[in-house]
Amino acid sequence: MINSSLKTLAQMLANKEISSVELTQTFLNRIDAYNPEINAYISLDHDRTLAQAKAADVRIAAGNATALTGIPIAQKDIFCAQGWKTTCGSKMLENFIAPYDAHVITQFDHAGAVNLGKTNMDEFAMGSSNETSYFGGVKNPWDFSRVPGGSSGGSAAAVAARLCAAATGTDTGGSIRQPASLCGFTGLKPTYGVVSRYGMIAFASSLDQAGPMAKSAEDCALMMNVMAGFDERDSTSLNREKEDYTRDLNKPLQGLRVGLPKEFFDIGIDPSTKDPIEKAIQKYQELGAELIEISLPHSSLSIPVYYVLAPAEASSNLSRYDGVRYGHRASEYTDLMDMYCKSRAEGFGAEVKRRILIGTYVLSAGYYDAYYLKAQQIRRLIAQDFEEAFKKCDVIMGPTAPSTAFKAGQKADDPVAMYLEDLYTIAVNLAGLPGMSVPAGFATSADGKPLPVGLQIIGNYFDEARMLNVAHQYQQVTDWHAQAPTLDKPEGSA
Amino acid sequence: MEWEVVIGLETHTQLRTNTKIFSGASTTYGAEPNTQACEVSIALPGVLPVLNKEAVNCAIKFGLAVNAEIAPRSVFARKNYFYPDLPKGYQISQYELPVVGKGAVTIQVPAVGKNAAYEKVINITRAHLEEDAGKSVHGAVEGMSGIDLNRAGTPLLEIVTEPDMRSAAEAVAYAKKLHELVQWIGICDGNMQEGSFRCDVNVSVRPKGTEKLGTRREIKNLNSFKFMQQAIEYETRWQIETLEDGGTIQQATVLFNPDTGETRAMRSKEEANDYRYFPDPDLLPLEITEADKTRVQAQMPELPEAMKLRFETQFGLTSYDAASLTASRELAQYFVETVDAGAEAKPAANWVMGAISAKLNAEEKSLAESPVSSVSLASLLKRIADNTISNNAAKQVFEAMWNGEGEVDAIIDAKGLKQVSDTGAIEAIIDEVLAANAAMVEEFKAGKEKAFNALVGQAMKASKGKANPAQVNEVLKKKLGA
Amino acid sequence: MALSTEDIKKIAHLARIEVSDSDANATLSKLTGILGLIEQMQAVNTDGIVPMSHSQDVVQRLRDDVVTKTNQREAFQKISPAVGNGSDARAVDGGLYLVPKVIE
């Protein structure tokens with residue numbers, strides 16, 4: 001059951017083979033058993049969760065169920081959920097109980113989904129290993145000595161370890177796709193503006209986008225049907241007609257033009273990763289796809305550009321955490337200035353502080369043109385590269401991450417090495433395009449463990465349905481996505 | 001050395017909208033602290049701004065009113081600084097691309113002493129939309145300040161002038177003109193007590209005849225014209241004295257203390273600010289099309305300048321009278337209503353600017369509070385025009401109307417002020433007067449013109465002031481063969 | 001554009017983050033590394049390129065001027081921070097948020 005697709009679970013619920021309460025309890029039991037080790041969840045509230053499951057059962061019995069009614073979903077702790085502690089992985093918000101719901105949370109509520117809990121994440125979504133979380137690191141279910149990726153590391157580990165039916169994540173520079181790659185499941189970052197950011201705690205507003213993290217492309221499509229849609233409370237939410245993301249899943253791929261950016265295979269890629277990616281691409285050829293070499297000449301600049309724009313926006317977005325109205329306030333201070341400086345020094349972790357400082361610096365008098373403006377100009381060049389590329393192909397493929405999951409602590413003290421984790425994903429955020437990571441096989445670690453490798457699929461604006469189709473067809477002829485790690489029995493269990 | 005003061009103004013006008021600029025929270029003044037501070041106003045994590053359509057309409061109206069360029073595309077930017085009344089740690093404002101560009105207003109600077117009144121054009125540099133901050137309340141708890149965020153997010157239009165003013169009088173004339181204009185076009189309630197209209201005044205001095213601007217000091221948050229006058233005069237004197245004593249002026253933000261009449265530099269703003277402006281990623285470019293402008297133009301009232309010209313041509317008023325009547329929209333409206341109710345324009349203008357304005361000033365009342373309505377005034381003026389009462393009697397009737405003693409005709413009857421215009425009756429009176437004042441008649445005939453006036457006076461007295469003076473003149477002339 | 005610890009302190013002050021001398025030194029080396037990465041941008045000629053703030057070329061949507069928010073002071077002030085200085089009391093009084101005295 002824990003490995004069942006969302007569609008299967010919905011059928012079981014509809015056929016009364018199982019109740020939502022039973023299904024939810026199954027996941028809660030797994031969470032209780034494994035979460036102390038994996039640390040995928042920051043906040044759990046069994047009573048609240050089971051109350052939702054009960055309500056879902058009533059709704060199913062009344063015949064008003066949607067595709068996700070009664071399905072237990074893990075929510076990244078970046079989404080405000082009324083009555084839930086919403087920490088964003090930070091000491092700053094350690095005791096922050098959200099007094100309102102994010103749009104995404106409301107959408108799942110309306111669908112009758114069950115909120116299983118709030119998942120761990122890098123502090124304010126700044127990180128690629130989940131190690132910047134104030135609530136501790138998260139273990140990669142494939143190898144507990146390794147990181148799950150980040151920033152949506154808790155959601156990633158929860159999906160991989162089957163501690164939820166599916167999860168939400170957010171992706172500013174790769175935070176859905178890179179952990180999906182490192183933990184071996186399917187994750188989608190939609191086109192910027194497709195999912196409302198209202199109530200999603202901001203990191204870099206012009207790049208942040210929420211999306212699904214699930215066991216298959218089909219599950220992601222069902223999640224997208226709930227998450228996507230216009231919201232008048234977000235000025236950047238795009239007012240488009242509601243679409244059914246499952247509509248194209250079964251289309252054949254004959255004639256699909258797959259663009260392969262030569263830059264993605266030249267630089268930074270680990271040989272153990274390159275091999276599964278090349279095999280996956282071969283598979284697409286077998287499915288009728290045509291391979292086309294393309295070039296994204298400015299893609300190597302995406303990291304420098306990102307590390308100007310994202311910290312600049314973040315430095316401003318995080319100014320509201322001043323200890324005045326909510327959040328952490330220092331216990332000792334001499335005056336207002338001291339209260340600000342101490343509350344923020346205590347409330348934020350090292351990586352968040354670094355990014356605030358970088359952002360403050362690049363925006364400060366005399367540097368704006370050389371940094372911020374320049375970065376925005378190169379951002380356009382990067383977007384134009386994609387525009388050119390999509391004249392020649394329908395989707396772009398390449399690796400999601402330069403390597404498989406790395407050891408905890410390995411890059412924690414080297415921000416630049418950590419930043420290079422997002423080498424292939426960041427350009428997609430800068431352009432505002434949709435991107436996915438799909439399990440494409442395994443590499444074997446030095447100590448003999450299989451580590452998942454993710455294939456990245458980048459689509460043109462609003463081409464999510466086509467990308468899900470491309471991923472789904474691959475998942476009909478491969479079973480990488482269906483593989484789950486064997487978890488060691490938790491300590492103390494029989 | 002002779003010095004010249006150079007003044008520019010930045011005015012924050014609170015726009016008359018129901019809700020805040022970026023959220024649906026009410027902007028009603030005077031609510032209990034933080035009861036109008038919604039999740040956007042207090043900047044909870046995850047909240048986002050959406051721009052209020054009416055705030056944009058207000059900006060367009062202002063742009064049209066000062067004949068300014070209205071930007072087809074303007075951009076909201078974040079101004080970053082920490083202050084407890086600024087919940088996000090940044091103010092959403094406009095920086096490089098404001099909604100309203102260059103425009104101008106013409107001011108009337110009143111006569112002072114030997115200096116005659118004059119007109120001057122003040123150039124508007126720009127006007128931009130932004131959000132207001134909250135308020136800090138001091139003294140409620142010892143050693144602490146209380147923060148009320150009800151005002152946070154109230155829409156403001158910040159209107160910036162060129163450094164075009166050369167005296168406190170010009171600055172005040174501009175501020176008054178602007179104050180009237182924003183109320184005229186309905187974008188601001190003009191309530192200075194409640195902070196709806198606040199001026200920051202940049203003052204510098206330079207030797208007369210030189211071009212280079214001196215270092216300026218900015219007087220913050222002036223919310224009365226009297227204080228503005230005092231503050232600029234004090235600041236100007238202070239800067240001149242400082243320079244004449246061999247000192248230099250440091251750029252500074254200063255506050256005016258009405259109790260001492262002095263300005264002093266603010267402590268909190270001493271450190272140089274670095275606002276780190278950048279385009280707000282939560283908001284998209286604001287587009288204003290020609291169609292938007294046309295739509296707003298259709299909602300615009302006739303502007304004071306146009307109305308002034310119309311009063312001159314349509315009613316034959318002098319430029320001075322027309323300007324005075326269009327100094328405020330309610331005054332102009334009162335005048336127009338008086339004329340519409342049947343009064344002749346020139347007397348209506350004289351009475352509105354004379355008796356009515358004098359009474360209102362003396363009793364510190366607004367036109368809306370006037371006990372004499374425009375229609376009542378018109379009926380009074382009609383009684384003058386149709387010779388029912390004399391001008392002198394009209395003054396008594398007006399006084400009675402002001403005191404609530406009733407309508408015009410009832411008062412005339414009650415006081416017996418009706419003018420005698422019956423020629424037979426007047427001839428009878430004059431015959432009596434001539435018989436009783438033979439000496440005066442002789443004097444007149446001997447060439448003493450003054451005697452004629454004395455005889456008119458006697459006739460008026462004999463009629464108890466009710467005789468129509470024009471008729472008395474006429475009949476008397478006839479009888480004396482003059 | 002080499003950074004100094006003085007620069008770090010100045011930036012940290014602008015950002016209202018307290019840094020000790022040792023923090024400033026550690027931060028300096030990390031930030032220098034990151035700025036080195038960022039410097040790669042300078043190799044690209046961007047003359048005449050229009051800066052890109054948003055990925056979609058759309059304009060701001062406007063909201064009708066209708067009151068939609070109600071008073072939620074009680075709910076919002078329940079999550080106000082503890083007053084600090086060792087006390088458990090919330091930093092609110094009479095509906096106002098309390099901060100150390102603001103000096104103008």
For His54(C), give me all partners under side chain to side chain donor-acceptor pair (under 3.5 Å), at least two apart in sequence or on another chain.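 Result, side chain to side chain donor-acceptor pair (under 3.5 Å) vs His54(C): none returned.
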Under 4.5 Å from a heavy atom of chain C, the part of [X] involved:
| X | answer |
| --- | --- |
| Ala350(A) | neither |
| Ser205(A) | neither |
| Val416(A) | side chain |
| Phe96(A) | side chain |
| Leu357(A) | both |
| Ser315(A) | neither |
| Ala383(A) | side chain |
| Tyr461(A) | side chain |
| Phe462(A) | side chain |

Is [X] reaching over with its side chain to a backbone N or O of [Y], donor-acceptor style, under 3.5 angstrom?
| X | Y | answer |
| --- | --- | --- |
| Gln377(A) | Thr46(C) | yes |
| Arg61(C) | Asp234(A) | yes |
| Arg16(C) | Cys341(A) | no |

Side-chain H-bond candidate by donor/acceptor type, Tyr371(A) with Gln42(C), under 3.5 Å: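 No, because no side-chain N or O of Tyr371(A) sits under 3.5 Å from a partner of the opposite role on Gln42(C).
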Side-chain touch [X]/[Y], heavy atoms, less than 4.5 angstrom:
| X | Y | answer |
| --- | --- | --- |
| Gln60(C) | Ser235(A) | yes |
| Ile358(A) | Leu35(C) | yes |
| Ile79(C) | Pro99(A) | yes |
| Pro100(C) | Tyr333(A) | yes |

Would Gln376(A) and Ser53(C) satisfy side-chain contact (heavy atoms from CB on, under 4.5 Å), going step by step from the backbone distance to the final call? CA-CA 7 Å; Gln376(A) 282 201 324; Ser53(C) 294; 3.1 Å; yes
Partners passing ring pair (Phe, Tyr, Trp, His ring centres under 6.0 Å) against Tyr419(A) (at least two apart in sequence or in another chain):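 Once residues adjacent in sequence are excluded, the partners of Tyr419(A) under the ring pair (Phe, Tyr, Trp, His ring centres under 6.0 Å) criterion are Tyr307(A).
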Using every non-hydrogen atom in the two residues, find where Pro304(A) and Gln40(C) come nearest and quote the distance to one decimal.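 Closest approach of Pro304(A) to Gln40(C), heavy atoms only: CG-OE1, 3.5 Å.
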Specify the closest pair of heavy atoms between Gly323(A) and Pro81(C), including all atoms of both residues, with the distance to one decimal.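 Taking every non-hydrogen atom into account, O-CG, 3.2 Å.
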With rounding to the nearest 0.5 angstrom, report the [atom1] to [atom2] distance, [X] to [Y].
| X | Y | atom1 | atom2 | answer |
| --- | --- | --- | --- | --- |
| Ser55(C) | Leu430(A) | OG | CG | 10.0 Å |
| Lys374(A) | Met41(C) | NZ | CE | 7.5 Å |
| Glu232(A) | Thr68(C) | CD | OG1 | 8.5 Å |
| Ser343(A) | Ile17(C) | OG | CD1 | 11.5 Å |
| Asn45(C) | Ile378(A) | CG | CD1 | 10.0 Å |
| Met52(C) | Arg379(A) | CE | CZ | 4.5 Å |

Would you sort out whether Leu31(C) and Tyr361(A) count as a side-chain contact (heavy atoms from CB on, under 4.5 Å), showing the intermediate values? CA-CA 10 Å; Leu31(C) 257 54; Tyr361(A) 178 69; over 6 Å; no
Could you give me the CA-CA distance, side-chain angles and deciding distance for Leu238(A) and Gln56(C), then say whether side-chain contact (heavy atoms from CB on, under 4.5 Å) is met? CA-CA 9 Å; Leu238(A) 296 165; Gln56(C) 301 287 326; 3.8 Å; yes
Any Lys/Arg nitrogen of Lys30(C) or Asp413(A) sitting under 4.0 Å from an Asp/Glu carboxylate oxygen of the other?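 Yes, charged N to carboxylate O under 4.0 Å.
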Would Glu18(C) and Glu346(A) count as a side-chain contact (heavy atoms from CB on, under 4.5 Å) if you check the C-alpha gap in whole Å, the side-chain angles of each, and the deciding distance to 0.1 Å? CA-CA 9 Å; Glu18(C) 186 180 71; Glu346(A) 294 169 8; over 6 Å; no
Arg325(A), His298(A), Lys353(A), Lys342(A): which one forms the most heavy-atom pairs within less than 4.5 Å of chain C?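 Between Arg325(A), His298(A), Lys353(A), Lys342(A), the count favours Arg325(A).
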